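On a predicted model such as this, the values are computed, not experimentally measured, just so you know.
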Amino acid sequence: MAKTSIAILGGDLRQCHSAEYLHSCGWDVTCFNTPDFPYHSGITVEETLPQALAQADTVLLPTPLSKDGIHLFQADSQRPPCPLEEVWEHVNPKQAIAAHSLSKEQTALLGKKGCKVFQFAKLPVFARENALLTAEGLLSELIRYTPFSLSSARVLLLGYGCCGSAIGTLLHPLCRSIYVLEQDLEKQALAEKKGICPIQKEDFPMVLPHCSLVINTIPAAVLEKEWIQELPGSCHIFDIASSPFGFEDRLTEDFLLPYFRLPGLPGRFSPESSGQAIGKIIERITDYAI
């Protein structure tokens, strides 16, 4: 039986650890524009995109796919940038495309080419592990950037999805109190069972003036400007949502509040564990879905 082959494109150290994991499982692995890394001798590193894609059954795109919307995300800035259009041009209908997430336009484009497309961001088994790694990375950044102890912190958590739940569970024993803004009634009940207090916007006047931390997990503006003004000047805001994020990048300039955008925490703090999680989900979709 022929080995399954995969082309791993761009990205950060997560891609490297995914490559190592899949190679250890017997896959033929080819990398293109991934970071310089002490790869196993059985992993091929190609210099051109067509060479990397030539024999691949599956193509693994980086997380995130792009930072500027034009080029493939590459942590290794020494390599020439690779336009996304070039990737779409060279993939072929026989290949399965695996990505953390794609836009509707990108999904439709690949569909028209006849490629099987698989997005693993919302798969429960992957989302749970990724959320735990995100929460651990956030904890490190909270300790690094805040001048106060977490034991004295009153936290407002925006959203109680997979990441919000993992963050709340990790922080609850450490913080003075945690409030959560979440519309879903079932998620509100889950938060309350864990000792986290669900609130509504009607509660903002009593909550916001006393917050020392706001943690956003929702890729949308949930906290309007009129409410941001109610936060104390010492409140630190951490935004882990994906684009378009939860706050404008001028937040510090406009409101004099410390604001930190922290996408991709698993890639920075746990690249080995995160990369292996991606490798395992690629195994699953190849065995059962593609």
- State whether the number of non-hydrogen atoms from other residues, nucleotides or ligands found under 6.0 Å of E226 atom CD is greater than 12. yes

- Just by distance, do the side chain of D203 and the backbone of M206 share a donor-acceptor pair under 3.5 Å? no

- Is a side-chain donor or acceptor of Q95 paired with a backbone partner of N92 at a separation under 3.5 angstrom? yes

- Message: I'd like to know if the side chain of E89 and the backbone of L84 have a donor-acceptor N/O pair within less than 3.5 Å.
- Response: no

- Query: Do you know the tightest heavy-atom contact between W227 and L208?
  - Reply: O-CD1, 3.4 Å

- Item | Nearest-0.5 Å distance, CD of residue E85 to NE2 of residue H71 | 9.5 Å

- Item | side-chain contact (heavy atoms from CB on, under 4.5 Å) between Q106 and W88, intermediate numbers included | CA-CA 9 Å; Q106 291 161 350; W88 310 145; 4.0 Å; yes

- What distance separates Y160 OH from I218 CD1, expressed to the nearest 0.5 Å? 13.5 Å

- Donor-acceptor pair, side chain of S270 and main chain of P266, under 3.5 angstrom: no

- For Q183, does the CD atom have more than 12 heavy-atom neighbours from other residues, nucleotides or ligands under 6.0 Å away? no

- Message: Closer than 3.5 angstrom, by distance alone: can the side chain of S5 be matched with the main-chain N or O of Q55 as a donor-acceptor pair?
- Response: yes

- Residues V87, L72; criterion side-chain contact (heavy atoms from CB on, under 4.5 Å); working and verdict: CA-CA 8 Å; V87 177; L72 194 74; 4.3 Å; yes

- Query: Could you give the distance from CG (L156) to CZ (F204), rounded to the nearest 0.5 Å?
  - Reply: 6.0 Å

- Between Q119 and T107 the two heavy atoms that sit nearest each other are NE2-OG1, 3.2 Å

- Does the side chain of I97 come within less than 4.5 Å of K116's, by heavy atoms? no

- Within the side chain of R14, is there an N or O that forms a donor-acceptor pair under 3.5 Å with the backbone of I278? no

- Query: For T34, does its backbone N or O pair with a side-chain atom of R79 as donor and acceptor, under 3.5 Å?
  - Reply: yes

- Query: How many angstroms lie between CG in N33 and CZ in F73, if you round to the nearest 0.5 Å?
  - Reply: 12.0 Å

- Message: Around atom NZ of K67, are there more than 12 heavy atoms from other residues, nucleotides or ligands closer than 6.0 Å?
- Response: no

- Query: Should the pair E224-K201 be classified as a salt bridge under the 4.0 Å nitrogen-to-oxygen rule?
  - Reply: yes

- With side chains defined as the heavy atoms from C-beta onward, is the minimum distance between N216 and F247 less than 4.5 Å? yes

- E129 side chain to S273 side chain, donor-acceptor N/O pair below 3.5 angstrom: no

- Query: Are V155 and L190 connected in a single hydrophobic cluster, I mean Ile/Leu/Val/Met/Phe/Trp/Tyr linked by side-chain heavy atoms less than 4.5 Å apart?
  - Reply: yes

- Task: Side-chain contact test, heavy atoms from C-beta onward, threshold under 4.5 Å: evaluate it for F126 versus H100 and give yes or no.
- Result: yes

- Query: Do I178 and I167 come close enough that some side-chain heavy atom pair is under 4.5 Å?
  - Reply: no

- Can you check whether T44's main-chain N or O pairs, donor with acceptor, with T30's side chain at less than 3.5 Å? no

- Between A127 and A121, what is the shortest heavy-atom contact and its length? CB-O, 3.6 Å

- Item | Nearest-0.5 Å distance that lies between atom CG in L256 and atom SG in C235 | 13.0 Å

- Under 3.5 Å, side chain of S165 to main-chain N/O of C162, donor-acceptor pair present? no

- Mind running side chain to side chain donor-acceptor pair (under 3.5 Å) on T4 and D57 for me, showing each step along the way? CA-CA 7 Å; T4 305; D57 302 311; 5.2 Å; no

- Note on the structure: When every non-hydrogen atom of G10 is compared with those of P35, the smallest separation belongs to O-CD, 4.3 Å

- Considering only heavy atoms from C-beta outward, does the side chain of P198 approach that of E182 to under 4.5 Å? no

- Query: Is it true that I237 and I143 fall in one hydrophobic cluster, defined by side-chain heavy atoms closer than 4.5 Å?
  - Reply: no

- Starting from the C-alpha separation in whole Å, work towards a yes-or-no answer on side-chain contact (heavy atoms from CB on, under 4.5 Å) for L157 and L181. CA-CA 6 Å; L157 180 59; L181 183 70; over 6 Å; no

- Message: Count I, L, V, M, F, W, Y as connected when their side-chain heavy atoms are under 4.5 Å apart, and connections chain through other members. Are L123 and L133 then in the same cluster?
- Response: no

- Evaluate the side chain to side chain donor-acceptor pair (under 3.5 Å) criterion for residues Q15 and S18: first the C-alpha distance (whole Å), next the side-chain angles of each, then the deciding distance (0.1 Å), finally the verdict. CA-CA 5 Å; Q15 297 288 78; S18 296; 4.6 Å; no

- Message: Can you tell me which residue among I196, L213, I215 is in a side chain to side chain contact (heavy atoms under 4.5 Å, CB included) with L171?
- Response: I215

- Side-chain contact, heavy-atom cut-off 4.5 Å: V180 with I199? no

- Task: Could you check if a side-chain atom of F37 sits within less than 4.5 angstrom of a side-chain atom of E20, using non-hydrogen atoms only?
- Result: yes

- Note on the structure: Nearest heavy-atom approach of S274 to N130 is OG-OD1, 4.3 Å

- Query: Any ion pair linking R144 and E141 (charged N to carboxylate O, less than 4.0 Å)?
  - Reply: yes

- Task: Would you kindly confirm whether L231 and L150 end up in one hydrophobic cluster when ILVMFWY residues are joined by side chain heavy atoms under 4.5 Å apart?
- Result: no

- Just say parallel, tilted or perpendicular for the rings of F238 and Y145, cut-offs at 30° and 60°. tilted

- For the pair K280 and E283, evaluate salt bridge (charged side-chain N to carboxylate O under 4.0 Å, His left out) and give the outcome as yes or no after the intermediate values. CA-CA 5 Å; K280 289 175 183 177; E283 271 193 299; over 6 Å; no

- Query: Below 4.5 Å, heavy atoms only, C-beta onward: do T134 and I240 meet side chain to side chain?
  - Reply: yes

- Item | Where A241 and F245 come nearest, the two heavy atoms and their spacing | O-CD2, 3.2 Å

- Message: Using the ring centroid of each side chain, check whether Y259 and H236 are separated by less than 6.0 Å.
- Response: no

- Cation-aromatic face contact R154/Y179, 6.0 Å, 45 degrees: no

- Query: Between H23 and Y39, does the ring centre distance come in under 6.0 Å?
  - Reply: no

- Task: Supply the atom-to-atom distance T48 OG1 to H90 NE2, rounded to the nearest 0.5 angstrom.
- Result: 8.0 Å

- In one Ile/Leu/Val/Met/Phe/Trp/Tyr side-chain cluster, 4.5 Å: Y21, I6: yes

- Item | Expected output: side-chain D239 to main-chain G246 donor-acceptor under 3.5 Å | yes

- Query: Would L65 and L102 satisfy side-chain contact (heavy atoms from CB on, under 4.5 Å), going step by step from the backbone distance to the final call?
  - Reply: CA-CA 8 Å; L65 174 64; L102 296 169; 3.7 Å; yes

- Query: side chain to side chain contact (heavy atoms under 4.5 Å, CB included) with I8: which of T58, V29, L61?
  - Reply: V29

